[in-house]
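Numbers here simply count residues along the sequence, with the first being 1. When reading the values below, keep in mind they use all heavy atoms of this one structure, side chains included, and skip hydrogens, waters and symmetry mates.
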Amino acid sequence: MKRISRAFWIVLSLQAAIFFAASTDGAKAQTTVLNRFEVAGAGPSRVLKFADLDYVLSDSATLPRVGWVRTKAPVAWSQGQLDAMSRPGRTAWGRIRFERSNLGDENLAIYTEENRDRLTIYVNGIEIFRNFSNPNARILVWNRPYYVPLRAELLHPGVNEIEMRVTSITNLSIGALQVGSSDALTGVYDQRFFWRITAPAAANFLMVFLSAGALLIWLFRRGEAELLFLSVSGALWWIRDYHFFGYYVVVPWDGVTTYSIYFANAASLSFCVAFLRPPRWRLTVAGLWTVGTAMSLGRLLVGNSFNEAWINLATLASDVFVIGMILVSWWGRRSAEHFALAAILLLAVAASVHDIGRVIYVHWWDGLGFFIQPYLGCLLSMAFLTFFTRRALGAFGALEDMNKTLESHVSEARRELADSEEMRRRLEVTQAVALERERLMREMHDGVGSSLVTALAVAERQGDGGKSAATLRKALLSLKITVDSLEPVEGDLVALVGNLRHRLAPDLRRAGVTVRWRMEPCAPLPWLDAPSALRVIQEAIGNVLAHAGATEIEIGCREERRAGVAGLLAFVGDNGRGFDALAERPAGRGLANMQSRAAAMGGLFSCGSRPGGGTMISLWLPLDRTARSDAELPTAAE
C-alpha cells in the first residue's frame with residue numbers, strides 16, 4: 001500500500017511539473033507573439049514602424065502555418081542564394097502581429113517599400129491590395145513604395161495580423177512595413193514616391209533629350225568625338241536607370257538594365273577623355289570599353305550574389321583612373337574646367353558607393369532612403385554638355401575675334417591693294433608722261449629745232465644777220481629751254497634753274513648784264529611742274545632784258561616759310577629803272593601769264609617795282625601742295 005501511495009505522488013508531481021513547464025512556455029510564447037515596433041507621432045498621427053517580421057519561403061497560395069522565422073526587417077535573398085537553396089520558386093510570405101489598442105480608431109493606412117516584385121497584402125487573412133493585375137506579367141516594381149488604406153472594420157480587438165505575399169523572378173525581398181495614421185503615411189509615401197519614381201523618370205527623359213541634341217550636333221560635326229560619347233552615355237544610362245522608375249519589363253532579358261551600367265560608365269569616362277584629349281586618348285578610350293566589357297562578363301559569371309557589390313566597387317577603379325588623369329592635367333593647366341570635371345566624377349563615385357551600400361541584400365546602410373544613381377546620368381549629361389557648350393562658346397568667341405582680325409587684315413589688304421593700284425596707275429601715268437615728253441622732245445629737237453637751225457644758217461649765209469637772225473636765235477633758245485624743262489629733274493628746283501643758267505648765260509653776256517647767282521640748298525619738290533616753273537623764271541629774265549635796262553640781275557632759290565608753311569622761293573631781281581605800279585601798267589600779258597602759271601601750281605607770285613629801284617619777281621611754291629599759304633610774297637623793297 002505504501003508503494004502504491006508513493007507511486008501516486010510521484011506521478012502527480014510529474015504531472016504538476018509538466019503542467020507548470022507547459023504554463024511557463026505558454027506564457028513565453030504569448031510574450032513573443034507580437035512584433036517589435038517603434039512609435040512615431042502621437043494621438044491621431046500615431047504610426048507603428050515595425051523593426052522585425054516573420055517570414056517563410058513557400059510557394060503556397062495560402063498563408064503557411066509552419067516554418068515561420070523571425071528576422072530584422074526588411075529581408076532579402078539574391079538570385080544566387082535562392083539558387084543555392086534549390087528553390088525553383090521565388091515566393092516568400094511575411095507577417096507582422098500587433099495589438100489593436102496600439103493604433104488610432106480612424107483613417108488608418110499601411111505603408112511598405114523594398115518589396116520585390118509582385119506584392120499581395122492581407123489583413124487577418126483578407127486580401128486588400130495587390131500591385132499587379134496579371135500574375136504572369138513581368139514587372140519592375142522593386143523600387144516603388146506603396147500606400148494602402150486600411151479600413152478599421154477589418155481589425156478586431158486584440159492581436160491582428162498583416163500578411164504579405166511577394167513573388168519575383170530574380171532577387172526576392174520582403175520590405176519594411178508601417179501602420180498608422182493615413183495623413184502621416186501619405187506624407188511619407190508622397191515624398192518617397194517623388195524621389196524614387198517621379199524625379200528619376202523626369203531626369204532620365206531629360207537626359208534622353210539632351211543626348212538626342214548631342215547626337216544631332218555630332219552628325220554635323222563628326223570630328224567632335226566627345227559629342228558621340230555623350231549621346232551614347234545618355235542612351236546607356238537611360239537603359240540602366242529604367243528599372244528604377246519603370247513598371248513593365250520592356251525587353252525579354254532583365255539583365256540588360258543590370259549589365260548596361262558598365263558600358264554607361266565607360267561611355268561617360270570616354271567623354272571625359274575625349275574632351276580633355278590627352279596624348280594617346282584613343283587608346284585610353286579603348287581600354288575603358290575593354291574594362292566595361294570585362295566587368296559585364298564578370299557580373300554574368302558571378303551572378304546575382306553578394307559578390308556583386310565587390311564587382312561594382314571594382315568598376316570604380318576606372319573612375320579613379322580617369323579622375324587621376326584629369327587632376328594631372330589640371331595641375332599642369334590649373335583650369336577651372338578640369339577641376340570641375342574631376343569634382344563631378346568624385347561626386348559620382350561617392351554616390352555610387354552610397355547606392356551599392358543601400359542595396360537591400362547588401363544593406364551596409366540605409367543612406368538617403370532612395371538611390372542617387374538615377375540622377376547621375378542626367379547630372380553628368382548636363383555637366384558635360386555645359387562644359388562642351390562653354391568650350392564651343394569660347395571657340396565661337398575666338399572665331400569672332402579671328403573674323404574681326406581677318407576683316408581688319410582684309411581691309412588693310414584692300415587699302416594696300418588700292419594704294420598699290422594707285423601707285424601703279426601713277427606709275428603708268430608717269431611712264432606715259434615720260435614717253436610723251438621724250439616723244440615731244442624728239443619731235444621738237446628733230447623737227448622744230450632742225451628747222452630753226454636750218455633757217456638761222458640760211459639767214460646768216462645770205463647776210464641777213466640782223467633782225468631775222470636774232471629772232472631765229474631767240475626762238476631756238478626758247479625751244480632749247482622748253483626741251484630742258486621736259487627733262488626729268490626729280491623735283492629739284494635748283495637743278496632746273498641751273499639748266500636755265502646754262503642756256504641763258506651767252507645771251508646775258510652779249511647783253512652786257514652781270515648775273516649774280518644766289519642758289520642755296522633746297523629740299524626736293526616731288527610735285528614740281530618743271531615747265532610751268534621754268535616758264536615763270538624765263539619770262540621774268542626776259543622782261544629784265546627787254547624792259548628794265550638793267551646792268552645787274554640777281555637769280556636765286558632758297559627755302560622759306562610763309563604763314564608757318566614750308567616752301568621754296570625762286571626770285572629774279574634787277575637794278576633797272578623799275579615802274580610805278582599805281583601810275584602805269586606794264587604792256588603785254590607777261591605778268592598775267594606768270595600769275596596764272598603760279599596759281600595753277602598752287603604757288604604764290606609777286607612782282608614788285610619801285611621807281612629808280614629796280615624790280616623783284618618772286619615765285620613761292622609749298623613743299624606740300626595741299627598746304628597753301630595766304631601770306632604775300634616779298635616785294636622788290638624786301
Side-chain angles (χ1 to χ4, degrees), residues 29-41 44-77 90-132 135 141-168 172-189 192-193 360:
Q30 282 293 87
T31 59
T32 57
V33 166
L34 303 180
N35 294 92
R36 294 183 299 110
F37 59 84
E38 296 178 359
V39 179
S45 300
R46 184 182 178 87
V47 173
L48 307 183
K49 297 182 178 180
F50 290 92
D52 59 24
L53 57 80
D54 301 324
Y55 76 90
V56 60
L57 292 172
S58 173
D59 297 331
S60 173
T62 61
L63 184 68
R65 295 301 178 185
V66 295
W68 292 91
V69 178
R70 181 158 294 187
T71 186
K72 182 180 178 180
V75 60
W77 301 268
R90 296 286 190 270
T91 302
W93 285 84
R95 179 185 66 190
I96 62 167
R97 291 176 173 176
F98 60 94
E99 286 281 354
R100 175 66 180 86
S101 59
N102 291 322
L103 295 176
D105 295 331
E106 296 180 355
N107 298 325
L108 300 177
I110 299 172
Y111 173 82
T112 183
E113 59 186 15
E114 310 292 353
N115 296 282
R116 188 171 188 139
D117 285 307
R118 289 190 293 272
L119 171 66
T120 306
I121 299 179
Y122 304 84
V123 176
N124 294 322
I126 300 174
E127 180 181 332
I128 65 169
F129 172 80
R130 65 172 56 187
N131 65 353
F132 61 93
V141 292
W142 63 273
N143 195 41
R144 288 176 178 261
Y146 294 104
Y147 171 87
V148 181
L150 175 60
R151 299 198 308 267
E153 58 266 25
L154 294 177
L155 301 177
H156 49 69
V159 178
N160 290 265
E161 285 187 0
I162 296 178
E163 302 94 5
M164 296 182 291
R165 186 176 188 269
V166 181
T167 303
S168 177
L172 182 63
S173 65
I174 304 175
L177 189 141
Q178 301 180 41
V179 181
S181 167
S182 61
D183 292 338
L185 292 178
T186 297
V188 174
Y189 170 79
R192 290 296 177 91
F193 193 88
I360 190 169

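With sequence neighbours left out, R36 forms a salt bridge (charged side-chain N to carboxylate O under 4.0 Å, His left out) with D52. N160 is linked by a side chain to side chain donor-acceptor pair (under 3.5 Å) to N124, counting only residues two or more places apart in sequence or in another chain. Judged as a salt bridge (charged side-chain N to carboxylate O under 4.0 Å, His left out), and not counting sequence neighbours, E99 has no contacts. Every residue two or more places apart in sequence or in another chain that forms a salt bridge (charged side-chain N to carboxylate O under 4.0 Å, His left out) with R95 is listed here: D54. In this structure E114 satisfies the salt bridge (charged side-chain N to carboxylate O under 4.0 Å, His left out) test together with R196, R358, sequence neighbours excluded.
Between the CG atom in L119 and the OG atom in S173 there is a gap of 9.5 Å [rounded to 0.5 Å]. L185 contributes atom CG, which lies 10.0 Å from atom CG of L150 (distance to the nearest 0.5 angstrom). Between Y122 atom OH and R165 atom CZ the span is 6.0 Å, to the nearest 0.5 Å. For the atom pair OG of S58 and CZ of R65, the computed distance is 12.0 Å after rounding to the nearest 0.5 Å.
The aromatic rings of F98 and F50 lie tilted to each other, with the angle between the two planes from 30° to 60°.
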Intermediate values then yes/no, side chain to side chain contact (heavy atoms under 4.5 Å, CB included), L155 and L108: CA-CA 11 Å; L155 301 177; L108 300 177; 3.8 Å; yes

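Looking at V148 and T112, their side chains never come closer than 4.5 Å, going by heavy atoms from C-beta outward.
A side-chain hydrogen bond (donor to acceptor under 3.5 Å, both in side chains) check over residues 141-154, counting only residues at least two apart or in different chains, returns the pairs N131-Y146, Y147-T186, R151-E153.
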